[in-house]
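A short write-up of the structure that comes next.
Just so we're on the same page: letters track the sequence lines, and every chain starts at 1.
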2 protein chains.
Amino acid sequence: MRGFLGFLILFLLSGKPMHGQELADEIGKRKGEKPSPGTIYPALKGLKESGFIKEEKEGKIITYDLTPSGKKALSIAKRRFTKTFLGVFP
Amino acid sequence: MRGFLGFLILFLLSGKPMHGQELADEIGKRKGEKPSPGTIYPALKGLKESGFIKEEKEGKIITYDLTPSGKKALSIAKRRFTKTFLGVFP
DNA sequence: CACCATATATTGGATGTCCGATATATATAA
DNA sequence: TTATATATATCGGACATCCAATATATGGTG
């Protein structure tokens with residue numbers, strides 16, 4: 001089962017726009033270990049290439065946010081995720 | 001993010017013991033597409049080698065069930081999963 | 001007894017994830 | 001101006017997942 005990193009990133013961005021290291025920090029809080037840049041940036045690149053996120057650069061900071069098709073993709077992925085793991089959440 | 005197939009298998013076996021194709025069917029129901037034998041059997045083999053599941057063979061059917069350490073591993077994985085995906089479930 | 005269906009098991013190739021190390025860019029501080 | 005900190009980005013290697021195809025085993029049916 002794979003594709004969850006992208007899903008989690010889209011989910012986190014649906015809460016608020018974030019830059020790369022903020023995403024890494026939040027994922028680190030949830031997983032107990034902060035992912036390396038080698039995990040985050042290729043994943044962001046892939047989501048951008050898929051048209052699910054857009055960037056806004058200011059100085060050295062690139063803020064990522066969902067595009068309309070990213071929101072749609074997240075919606076679909078959420079339903080799939082919920083169905084796949086039905087019963088796992090307490 | 002990876003390691004979810006093993007987690008889902010342990011979770012499903014915590015409900016009741018199942019054989020390989022039953023697991024594939026249940027995963028297929030949840031994901032919308034039944035996984036191929038090439039996905040299921042290597043994963044079962046890995047879980048067995050990790051000591052998380054045990055087998056009981058009868059004729060051509062091998063029924064899998066959790067071991068005590070499998071139950072423990074599932075418990076830990078459930079908490080991690082819940083924490084990682086907090087807020088995703090409706 | 002032969003055939004069929006089902007279950008198990010493997011393999012090589014492909015994809016996504018993951019990392020550590022390294023490189024580059026930018027802002028801030030000394 | 002230089003040094004430092006932070007952010008971004010890449011890469012090769014390793015691991016988990018995934019499949020289709022193939023092979024073997026077993027039970028049931030004709």
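- By the 6.0 Å contact criterion, CD on A:Glu56 is open, its count of non-hydrogen atoms from other residues, nucleotides or ligands being 12 or less.
- You'll find that the side chain of B:Ser36 is closest to D:dC19, out of D:dT17, D:dC19, D:dA9.
- Taking for each of A:Ile62 and A:Thr39 the nucleotide of DNA chain D with the nearest heavy atom, the 5'-most of the two is the partner of A:Ile62.
- Where A:Glu55 and A:Met1 each meet DNA chain D at their nearest nucleotide, the meeting point lying more 5' is that of A:Glu55.
- The nearest whole Å value for the distance from the CE atom in B:Met18 to the C1' atom in C:dA7 is 16 Å.
- Within the nucleic acid shown, B:Pro35 comes within 4.0 Å of sugar-phosphate atoms alone, with no base atom in reach, counting heavy atoms only.
- Checking side-chain atoms of A:Thr82 against main-chain N and O of B:Phe89 turns up no donor-acceptor pair under 3.5 Å.
- Residues A:Glu58 and A:Ala43 each lie close to DNA chain C; by heavy-atom proximity, the contact nearer the 5' end of the strand is made by A:Ala43.
- A:Lys57 comes within contact range of no nucleotide atom at all, as no heavy-atom separation falls under 4.0 Å.
- A:Ile40 places its CD1 atom 12 Å from the P atom of D:dA9, with the value rounded to the nearest Å.
- Within 4.0 Å (heavy atoms only), A:Tyr64 reaches sugar-phosphate atoms of the nucleic acid but no base atom.
- Side chain of A:Ser36 to backbone of A:Gly38: a donor-acceptor contact under 3.5 angstrom is found.
- A close approach under 4.0 Å does not occur between any side-chain nitrogen or oxygen of A:Lys34 and OP1 or OP2 of C:dC19.
- The nucleotide whose nearest atom lies closest to any side-chain atom of B:Lys60 is, among D:dG27, D:dA7, D:dA16, D:dG27.
- Residue contacts for A:Gly46: at a heavy-atom cut-off of 4.0 Å it reaches no nucleic acid atom on any strand shown.
- Rounding to whole angstrom units, CG of residue A:Leu47 and P of C:dG16 are separated by 11 Å.
- Among the heavy atoms of the strands lying under 4.0 Å from B:Gly38 is at least one base atom, whether or not backbone atoms are also near.
- As rounded to whole Å, 11 Å separates atom P of C:dC18 from atom CZ of A:Phe4.
- Protein atom CD of A:Glu26 is 18 Å distant from nucleotide atom C1' of D:dA7, rounded to whole Å.
- Aromatic pair B:Phe81/B:Phe85: ring centres closer than 6.0 Å.
- In terms of phosphate contacts, A:Lys45 brings no side-chain nitrogen or oxygen within less than 4.0 Å of OP1 or OP2 of D:dT8.
- In this structure, CD1 of A:Ile9 is placed 14 Å from C1' of D:dT8, rounded to the nearest angstrom.
- A:Lys48 places its NZ atom 8 Å from the P atom of D:dA9, with the value rounded to the nearest Å.
- Scanning atom types as modelled, one donor and one acceptor separated by under 3.5 angstrom connect the side chain of A:Arg2 and the base of C:dT15.
- A:Thr67 places a side-chain N or O within 3.5 Å of a backbone atom of A:Gly51 that can act as its donor or acceptor partner.
- In this structure, the side chain of A:Ser75 does not engage the main chain of A:Lys71 through any donor-acceptor pair within 3.5 Å.
- Following rounding to the nearest Å, A:Asp25 (CG) and D:dA7 (P) show an atom-to-atom distance of 8 Å.
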